[in-house]
Amino acid sequence: MINNLYFKSILKMLKLLSTIIFLMLSQQLYSQGRDGNIAVNLKKNEENRVYYSNEVGVKARLPNGEIGWEKYLLTHSRYPKMPKKDKAIGRIFLSFVIEKDGKITDAVITRGLNIRCDEEALRLLRSSGNWVAATLKSKKVRSKGNISIAFGLD
């Protein structure tokens, strides 16, 4: 009986402590002015927002366009060495973010073939150099990019 009361009191204290911590953390997110209005800083979030291609005025692109991308793939891609039974033919789909300065970040495989081909596709994308960033109202913005790379046997 004493143990049961002891655990109930500890449980109440933990609930109270978690409520206090929650309130303290939420106070950091929102600040209330003297006039009673709640102010939320959305400008910082807008600067880091990643736009989709249909939301921007001018889409992000490689400096030499699609023809330059195809030439780059022809000269820099190499099919990974692997046993014949593991070789695959197909396309790898990648998703990534083009930063305001044109650098590629957050590159991920959305649909791959196998681990070695996926790694090669990521290497090709990351080493492709800087892109021309997307613009919205004449201002450079971060944007989402999607691309596919085809792999086949010679």
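Model, not experiment: these values are computed from the prediction.
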**Message:** Quick check for you: to the nearest 0.5 Å, what is the distance between K100 atom NZ and T135 atom OG1?
**Reply:** 12.5 Å
**Asked** According to a 4.5 Å side-chain heavy-atom criterion applied to Ile, Leu, Val, Met, Phe, Trp and Tyr, with indirect links allowed, do Y52 and L136 form part of one hydrophobic cluster?
**Response** no
**Prompt:** For N48, does its backbone N or O pair with a side-chain atom of R142 as donor and acceptor, under 3.5 Å?
**Reply:** yes
**Request:** Nearest 0.5 Å please: distance from the CH2 atom of W131 over to the NZ atom of K103.
**Result:** 16.0 Å
**Prompt:** Would you find a donor on one side and an acceptor on the other, under 3.5 Å apart, between the side chain of T110 and the backbone of F93?
**Reply:** yes
**Asked** Do I109 and L73 share a hydrophobic cluster (ILVMFWY, side-chain heavy atoms under 4.5 Å, transitive)?
**Response** yes
**Item:** V50 versus S143, closest heavy-atom pair with distance
**Value:** CG1-C, 3.7 Å
**Test item: side-chain donor near acceptor, S127 and Y72, under 3.5 Å** = yes
**Request:** Keeping the roles fixed (side chain from S18, backbone from K15), state whether a donor-acceptor pair exists under 3.5 Å.
**Result:** yes
**Prompt:** Are L113 and I147 connected in the hydrophobic side-chain network, where two residues link if heavy atoms are under 4.5 Å apart?
**Reply:** yes
**Item:** Exceeds 12 heavy-atom contacts within 6.0 angstrom, atom CG of L11
**Value:** yes
**Prompt:** Would E55 and R49 satisfy salt bridge (charged side-chain N to carboxylate O under 4.0 Å, His left out), going step by step from the backbone distance to the final call?
**Reply:** CA-CA 11 Å; E55 297 177 306; R49 179 175 174 208; 2.7 Å; yes
**Prompt:** With a 4.5 Å limit on heavy-atom distance, are the side chains of V56 and V141 in contact?
**Reply:** yes
**Request:** Write down the atom of F151, the atom of R78, and the distance for their closest heavy-atom approach.
**Result:** CE2-O, 4.5 Å
**Request:** Give, for atom OG of S128 and atom CG of L62, the distance between the pair rounded to the nearest 0.5 Å.
**Result:** 5.5 Å
**Message:** Can you confirm whether the side chains of S53 and K144 place a donor and an acceptor under 3.5 Å from each other?
**Reply:** no
**Asked** So does K59 have more than 12 non-hydrogen atoms from other groups sitting under 6.0 Å from NZ?
**Response** no
**Item:** Residue pair A60 / I98: nearest heavy atoms and the distance that separates them
**Value:** CB-CD1, 3.7 Å
**Request:** Could you tell me which non-hydrogen atom of A133 sits nearest to which non-hydrogen atom of G102, and how far apart they are?
**Result:** CB-N, 4.5 Å
**side-chain contact (heavy atoms from CB on, under 4.5 Å) partner of I92, chosen from L124, D118, L125, L122** = D118
**Request:** Examine distances only and state if a side-chain atom of E99 and a backbone atom of I104 form a donor-acceptor pair shorter than 3.5 Å.
**Result:** no
**Item:** Spacing of S95 atom OG and R111 atom CZ [to the nearest 0.5 Å]
**Value:** 13.5 Å
**Complete:** In terms of heavy-atom contacts, N146 and F96 come closest through N-CE2, 3.9 Å
**Prompt:** Step by step, would you call E119 with R116 a salt bridge (charged side-chain N to carboxylate O under 4.0 Å, His left out)?
**Reply:** CA-CA 5 Å; E119 287 172 350; R116 290 203 176 120; 5.9 Å; no
